[in-house]
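Everything on this sheet refers to the single structure shown next.
The first residue of the sequence shown is numbered 1, and numbering continues consecutively from there.
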Amino acid sequence: MRVKQKRTIRRMRRRYQRAWLVLDSIAGRSECQVLDISSEGARLLVASGLSLPKRFGVALVPNSPPRECETVWQDGELTGVRFTN
């Protein structure tokens, strides 16, 4: 049974595009993988055991300013985010 998607903008699949989570000024950046992305959000593969805050940043290019986002859902190593800027 297929689950009906609520999003209005279709996401583009990525084959493990590298990205960096910017959690705060102390923790620095943690690498993750982008599985799919749209202008509204993305599905990320994060390190096992990494607890994400509700709001954080995702940098799609090394050392670039991050896009602000918020966690929408998390299931193990998979996380769905919505871009807020």
Exercise for the section: Any chance you could measure Gln33, atom CD, to Glu77, atom CD, to the nearest 0.5 Å? Expected result: 11.0 Å
Problem - Cluster check Trp20, Val46: I/L/V/M/F/W/Y, side chain < 4.5 angstrom - result: no
Completion exercise
When every non-hydrogen atom of Asn63 is compared with those of Arg29, the smallest separation belongs to N-NH1, 3.6 Å
Problem - Between CG on residue Leu60 and CD on residue Gln17, distance to nearest 0.5 Å - result: 5.5 Å
Problem - Side chain proximity check, Asn85 to Arg67, heavy atoms < 4.5 angstrom - result: yes
Handout entry: CA sep, side-chain torsions, deciding dist, call: Thr79, Leu52, side chain to side chain contact (heavy atoms under 4.5 Å, CB included)
Key = CA-CA 9 Å; Thr79 300; Leu52 295 175; 3.7 Å; yes
Handout entry: Spatial distance of atom SG (Cys69) from atom NZ (Lys54) [nearest 0.5 Å]
Key = 10.5 Å
Handout entry: Results of side chain to side chain donor-acceptor pair (under 3.5 Å) for Glu31 - residues two or more places apart only
Key = Arg18
Exercise for the section: Find out if a path of hydrophobic residues (ILVMFWY) with successive side-chain heavy-atom gaps under 4.5 Å connects Leu45 to Val72. Expected result: yes
Exercise for the section: Calculate, to the nearest 0.5 Å, the distance between atoms CG and CZ belonging to Asp75 and Arg43 respectively. Expected result: 11.0 Å
Problem - For Ala42 against Phe83, the heavy-atom pair lying closest together - result: CB-CZ, 4.1 Å
Fill in the blank from the handout: All heavy atoms of Phe56 vs all of Leu21, minimum pair found to be CE1-CD2, 3.6 Å
Practice task
Would you confirm whether Thr71, through its side chain, and Trp73, through its main-chain N or O, come within 3.5 Å as a donor-acceptor pair?
Solution key: no
Exercise for the section: Identify, with sequence neighbours excluded, every residue that meets side chain to side chain contact (heavy atoms under 4.5 Å, CB included) alongside Ser64. Expected result: Ala59, Val61
Handout entry: Leu50/Leu23 under side chain to side chain contact (heavy atoms under 4.5 Å, CB included): CA gap, chis, key distance, verdict
Key = CA-CA 11 Å; Leu50 181 62; Leu23 304 175; 4.2 Å; yes
